[in-house]
Amino acid sequence: MDKRSVQMVERAKEPTRVTTVMSTIRQRISGRSLTSGAKLPSVRRLASSLGVSTSTVVEAYDRLVAEGAILSRPGSGFYVASQAAPFTLAQVGPKVDRAVDPFWVSRQSLETSDDTLKPGCGWLPPSWLPEDSIRRALRTLSRADGPALADYGSPLGLPGLRQLVARRMAEKGMEASPDQIMLTDSGTQAIDLLCRFLLEPGDTVLVDDPCYFNFHALLRAHRAKIVSVPYTPNGPAIDAFASTVEEHRPRLYITNSGIHNPTGAALSPVTAHRVLKIANQFDLTIIEDDIFSDFEQVPAPRLAAFDGLDRVIHIGSFSKTLSASARCGFVAAKPEWIEGLTDLKIATSFGGGRMTAELVLNALSDGSYRKHLDTLRLRLSHAMTEVSARLERLGVTPWIKPTAGMFLWCRLPGDIDAADVARAALEDEVVLAPGNAFSLSQSATNFMRFNVSQSLDPRLFDVLGNILHRRS
């Protein structure tokens, strides 16, 4: 190739290099490593660090100035504009498995058609939920007075539902008065409010590895530093837990005690006591996410029961066993924290969702709800057995055999990458949940979470078997 041809090729590549430089600067701005008013690297320094020409950086800077992302001050340099680019969660954190990160799993599960199989999602099929109870509750609600249908709810939430939550907690050994309970729009909102209440940007938060992937997303949204500890069939690996807490001094630890997501494990009493002892030693606050409690046959130990809601905050919701459309959750904490959380709830959402709370209270008060739970637990148990057996025939091995719940945490055969399997399965309209979406350390490459209630269609095993066979 002659010199002129080489120059033409180089010029053809130049826009891609300019775009790359622009993306690098945008990512630094949205990730807040370059804050409003901060001076950008000089043209020569950035060109040297990125391995591009100075003309490439000049053009990238000029385009960013035109967009309003940065400002040019002649004789001084370039600076981040006062109106920084919107914060983008997808640009924060490691790019490993970006194509199948938590947002990918959630979006595919929520946005695909009804014909798509969703063994990677985290909820029950609609046909498994108590539609008759919900319809009766809706009919009852339709006859309620005007305020129940049209007025704001009180900041703490519907008193009758808070009393019911207090009774349900007492059944699992947790004592909380209704005044220690605040209703929220969901379990996710409960965690969001607690992060707003307890964290400052840069605070360290400890999570399990693996853990529910939306914990990662929420914590990144709050600019927290996330550290993790390996999870075992009995709870967090206690020696690693102790050393991680001592080294990083996290402000919060977020976990599931009853049925762990994604592993299906349950906290043991011995591990619970040791976790609380370490938490007391290092002034660690614990958020105990208990949204799967109604799936249990026999309640596992709860940190809140041992702790008495001193440094443990207990949260839950009704989306998993009642209806994902009736968004309603709760926070149970010590009284002085409930007051501050209530003010924060007013500031961020004003009143509570009174109509939804009335609907949930009517449905839970219906005598058929407990019968629904009995049937549901039996149905999940049968599904767990069936799906486990069918997966094992494909060489997919459950990490443990959960005693309750809907999740199976499984290892794929050999060294097959679960992310590759998930991408391939999507072509056949099957949404899977690969392990690294749940792992901060990215150490679950060949693990996958299966929701047994969504894994009974034979097509899943045909698709999965074909993909595994091609990669074996």
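Everything numeric here is computed off the predicted structure, so don't read it as measured data.
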| said: With a 4.0 Å cut-off on N to O distance, would you call Asp420 and Arg423 a salt bridge? | reply: yes
| query | Nearest 0.5 Å, what's the CZ-NE2 distance between Phe282 and His248? | reply | 12.5 Å
| query | Are the side chain of Arg354 and the backbone N or O of Ser154 linked by a donor-acceptor pair below 3.5 Å? | reply | no
| Does a side-chain N-to-carboxylate-O contact under 4.0 Å join Glu296 and Arg302? | yes
| Do the side-chain N and O atoms of Ser368 and Arg136 include a donor-acceptor pair separated by under 3.5 angstrom? | yes
| task | Would you check if the side chain of Ser381 reaches a backbone N or O of Arg377 as a donor-acceptor pair within less than 3.5 Å? | result | no
| Tyr152 vs Phe350 aromatic rings, parallel, tilted or perpendicular, using cut-offs 30° and 60°? | perpendicular
| Has the side chain of Asp185 got a donor or acceptor atom that lies under 3.5 Å from a matching backbone atom of Cys328? | no
| field | Interatomic spacing from CG in Leu456 to CG in Asn451 - rounded to 0.5 Å | value | 9.0 Å
| message | Tell me whether the count of non-hydrogen atoms from other residues, nucleotides or ligands lying under 6.0 Å of CZ in Arg135 goes above 12. | response | no
| Side chains of Thr445 and Asp417: do they bring a donor and an acceptor to under 3.5 Å? | no
| request: Grab the two heavy atoms, one from Pro155 and one from Ile346, that are nearest each other, plus how far apart they are. | output: CG-CD1, 3.7 Å
| task | Would you please indicate yes or no on a ring centroid separation below 6.0 angstrom for Phe213 and His216? | result | no
| Between the main-chain N or O of Val421 and the side-chain N or O of Arg471, is there a donor-acceptor pair closer than 3.5 Å? | no
| message | Could you check whether any side-chain N or O of Asp209 sits under 3.5 Å from a backbone N or O of Ser441, counting only pairs where one atom can act as donor and the other as acceptor? | response | yes
| task | Hey, can you tell me if Phe241 and Tyr253 have their rings parallel, tilted or perpendicular (30° and 60° cut-offs)? | result | perpendicular
| task | Please work out whether the ring planes of Trp409 and Phe438 are parallel, tilted or perpendicular, with thresholds of 30° and 60°. | result | perpendicular
| So does Asp294 pair up with Arg168, basic N to acidic O under 4.0 Å? | yes
| Do Thr255 and Tyr231 have side-chain N/O donor and acceptor atoms under 3.5 Å apart? | no
| Going by the angle between their ring planes, with limits at 30° and 60°, are Tyr369 and His372 parallel, tilted or perpendicular? | tilted
